[in-house]
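Notes follow the structure.
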Amino acid sequence: MTSSLLQSLEVTAPKLEYSLLAPLIIVLTGACIGVLLEAFVPRHRRRDVQTIIAGLSMLAALLSVAFTWAKGTRQVAALGSVVIDGPTLAAWSGLLVFGGMALVLFAERRVGAGQSSFTPMAAAMPGTPLERRASLARTEHTEIYPLLLLAVFGMMLFAGSGDLLTMFVALEIFSLPLYLLSGLARRRRLLSQEAALKYFLLGALSSALFLYGAALLYGYSGSFYFSDIDKAISVGQQSTGMLVAGLGLVTIGLLFKIGAVPFHSWTPDVYTGAPTPVTGFMAVCTKLAAVVALLRVLYAGLGALRWDWQPLIAVIAVLTMLVGAIVAISQSDIKRMLAYSSIAHAGFLLTAVAGASTSGNGLGAAQVGSTGAILFYMAAYGFANIGAFGLVMLVRTAGGEATTLSSWRGLGRKHPLFAATMTLFLLSFAGIPLTGGFVGKLLVFGAAWRGGYAWLVAVAVLASIIAAFFYLRLVVLMYFHEADDEEVVVARPGIQTILVLALAAVATLVLGLYSGPFVKVLTEASGFLR
Amino acid sequence: MNLLETVNPVAATGLFSYAWLMIAIPALGATVLLLAGRASDAWGHIVATLAPIISFVIGLVLFVQMLGRPVDQRAVSVPMWDLIPSGAWDIRVGLLVDQLSIVFVLLVTGVGSLIHIYSIGYMAHDPRRRRFFAYLNLFITAMLTLVLANNYLVLFIGWEGVGLASYLLIGFWQDRNSAAVAAKKAFVVNRVGDLGLTMAIFTMLAQFGSSSFIDVNNNAAHLSHGWATLLGFLLLLAACGKSAQVPLQSWLLDAMEGPTPVSALIHAATMVTAGVYLVVRSHAIYEQTAAATLGVAIVGTVTLLFGAWIGTAKDDIKKVLAGSTMSQIGYMMLAAGLGPIGAAFAIFHLLSHGFFKANMFLGAGSVMHGMNDDVNMRHYGALRKMMPATFLTFAMGYLAIIGFPFTAGYYSKDQIIEAAFTKSFTLGLLAMLGAAVTAFYMTRLMMMTFVGQKRWLDGVQPHESPAVMTIPLWILGVASLVAGLVMNNWIGGWLAPPTGAQVDNVGLFHVTATGLITMALVAVGIFLGWWFFRADVPSTAPVSRNPFTVAGRHDLYGDAFNEAVFMRPGQALVAGVDVLDVKVVDGSVMNSAGIVGGTSALLRRVQNGYVRSYALTMVFGTILVGVVLILGQIG
């Protein structure tokens, strides 16, 4: 239907399905209002107003998603540019929940004695009197909240886009705010700015590759829509050179955002340099949006090329898991360790992508396929990750966050609740039973296994063992070592942050103990529309 | 052999769908008390006491509804959720409310409620009373999970939960070294039993692909004899640990370090009987294996004599009762090991024991309460006038345990002895001997505590306990007297479907030769108990050379046995494993870890911080993708 629309020369006003697109519209409107408010609201009121606007728009969007989900409408919207299907709705819910949790971490000021994790004046050169004055005046960049909303909007569009062009635009919409946010750390600003620049340059490279790939796919099929590309492949009258090259380049663009090896180099530097709340947000939401987009491109658009991309993704998965897990071992900074850990998790996710265990591929109705498994994995990983980065924010010395691993020594004895919560998240990362991470790994590996990638599961289990080492080493550091740095304290966060951390911990446990209903819901939501 | 085919449970409707509330309410109570902290010091015990009462009411309503249903619709399954979505294995959380579990629910919540009420008075002056009540609620939660589970895996969660609650409560007075050590001992010994249960569950999953009672019962007949025997012995090991049966009995006597209401609830009425429940629940497996069934009966018989022997030699009133508990559970195990003819009596005796033993433990607590927490019976004497209510209610329990005609113990215990005779003359004779010894040590306890001369220590002013403590005593005392009359003609038929029991109901006034001989032996026991302790009892235990007494006072050398057989070889094994670990395992692990670590350091160098080299990496990556795709095209 969409291609016929495009081909006809007759111009008709597009009819938009506003109720289905409401989540996107609400978030974007919230962001625009936020930008406007910057001009009108007095400086000292902005933070409160902005957080409320951001929080309310995400909540309203979440309710709207829930409404559509409950109503059961699954259709192509906005002239085929946005696909409202199960994965889209699941990704949107995830993005809004995790985005909302990140928002609370963005706004957390109590741990820094009234100062947030963001620089008071980004335009001031690091270490100059101007910066010091801004710091003393307690100025803040409240633009971070509209930026967060814009990023969430871009990610939502990215996960739900129905054609390559929308996908590319969405990619840029969420990348630009992230580049900016990465450079706004309060401490170690040079590191932060360097990270932002690196992220921007490499991001530009990957965008270029993605766009080139999209152009090649257009050249092959004559359309940007996944449905048309799929049709063109099944007709298959042309030579496949352009098609395969396009597949490779588009995939690279997406793998970059997921942080898969060898397109991961930005991850450790950016995760370390960016303000910790931004790191938590990127680690969860970017990955979630990108993995759903990857699934959509590969399953809905290029499903017929399965035999071409399955080995490719498998090779990338092996590299990603092993490099992530192995390099994490020799890290001495917790944010860097978590960065490599997120790389390893991207690898675990890719095993299920490679398995391609879908209903179009001989999967029984009651079984959990690749998409359902990945969505569950992202939920478990997301809660644990937001929680872990939230806890990283609390470990401080006078100079700000203490991110070296050695400052975590002995925290178990001094701060039992803190250490227990962190241990829970680490155990979930490591995939120990009774946590969400275990069920997620089980499902993801199961999907890979059913897809005929048993050898990949073997490698994945090996990588999990290696990964368990550095997670458990942190547990050992917290519980079985004496603290040697008396300056390190665990700051008490505000009540909202405590609630977010509690939600993360409870969700990690619930997903481990009471996974059945969630797996069922996500399995039902795992069918892509074209 | 199983004539009564297992009845498949019907789906839950109405109130049965809310059976989980019985578990959730005490769980909520424990959570509130533990999380609210000192804020709940003032009202915590009230909330905690209400929790089991509400669960009891729910249980009672379910029980009444169940009574009104036809037999084949009494067992109700309440599925909850998938614990782990795992392809072939059935790992689900669900409840089973049937004739067996409902009587346990009533026992646990009924006796539990009374003990909560009693504890309000008993722990009134303890600064950590709220914590105590939180642990009690935790225990009720775990125990109900244990008995309401519809599969062994969920049962195991409850099994470990009661173990944890028991550990916390034995060591409740943590400032006492003896309490801390006793708690640790209970935990360690129970691990041995738990190993049996976990191995049994693994075996079931491997053999049946499921650990639910229904699947296990229905498929047990297809089990090969070897597997059935293995399963039977693994479950017996588990039961021995939890129920303090020989050879894992040694922890129970030390567990008396806990507050007395704990001893009454956990270490007499409910938790320690979980082993009996396990064996009865697994009757389908034991029907396939004569060897394991005989093993159960032998363990039970040995323990019933063992416990009785210890009971005769102790001066500590709680340890006498602990020995007696072991002994009475021995009777239940013996009954469970008799197969279909005994299964119902095992539960029958379990219930009546739950009443009379909880009653006597609480009575002992009441005595201690009036005697400044002294537990040595040689410092008691002539308390019947000072504590009339305690004395009268204790006497009711006494009559019940020795099997005085028409009391609870008379019906439940005598039928076990008779059933034992039909199975084996030796087992029957030993069980009968046990009854006589029981009568002896219980008479001794009564004589030393309530009769005779005052031997009170200076400054002790015995006094009756407050009503909040004596009212539960009266209720339990009356129950000890009448429970047998009420249940005798009913319990066998009621329990037949879930336990595979085959019982011919005998009348209330049914008299047999075995019964008469037993009664005569009991009378001899009472006479001897009176004869030896009618005169003055010395305030300090006389040095005895009588080997029986010496052995009894040393718990029949249970600890020495553990030390020689388990601890020292265990230590040697650990030392050996340690050497092996350091030399061999660590060597290989460290080497491979070294390789991984070396790789890690190498790979780390690629991350050099230069954005140009990162971009180069990406270009190489792009080439790699191209190569893989081209290879795919060629291949």
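The chains referred to below are lettered A, B, ... by the order of the sequence lines, with proteins before strands, and numbering in each begins at 1.
- The cationic atom of B:Arg612 (NZ for Lys, CZ for Arg) does not lie both less than 6.0 Å from the six-membered ring centre of B:Tyr614 and within 45° of the ring axis.
- Residue A:Tyr212 places its OH atom among 12 or fewer non-hydrogen atoms of other residues, nucleotides or ligands, all under 6.0 Å distant.
- When heavy atoms are compared at a cutoff of 4.5 Å, A:Arg336 approaches chain B solely by way of its side chain, counted from C-beta outward.
- A distance-only check finds a donor-acceptor pair linking the side chain of A:Trp266 to the backbone of A:Phe256 [under 3.5 Å].
- Only the side chain of A:Tyr340 comes within less than 4.5 Å of a heavy atom of chain B; its backbone N, CA, C and O stay farther away.
- Of the atoms belonging to A:Leu322, not a single heavy atom falls under 4.5 Å from chain B.
- Scored by the salt bridge (charged side-chain N to carboxylate O under 4.0 Å, His left out) test, B:Lys184 finds no partners at all (sequence neighbours excluded).
- Looking at A:Glu194, only its side chain comes within 4.5 Å of chain B, counting heavy atoms on both sides.
- Ranked by heavy-atom pairs under 4.5 Å with chain B, the list A:Pro311, A:Ser330, A:Ala245, A:Ser206 is led by A:Ser330.
- Heavy-atom pairs under 4.5 Å with chain B peak, among A:Ile466, A:Asp269, A:Ile316, at A:Asp269.
- Judged by a 6.0 Å distance limit and a 45° cone about the ring axis, B:Arg131 is not positioned over the six-membered ring of B:Phe172.
- Proximity to chain A involves both the backbone and the side chain of B:Val611, based on heavy atoms less than 4.5 angstrom apart.
- Counting heavy-atom pairs closer than 4.5 Å to chain A, the top residue among B:Val628, B:Thr599, B:Thr622 is B:Thr622.
- Relative to the six-membered ring of A:Phe470, A:Arg473 misses at least one condition, a distance below 6.0 Å or an angle of at most 45° to the axis.
- Only the side chain of A:Leu209 comes within less than 4.5 Å of a heavy atom in chain B; its backbone stays farther off.
- Your options are A:Ile252, A:Ile329, A:Leu249, and the one with the most heavy-atom pairs under 4.5 Å with chain B is A:Ile252.
- A:Phe376 pairs by the ring pair (Phe, Tyr, Trp, His ring centres under 6.0 Å) definition with nothing, not counting sequence neighbours.
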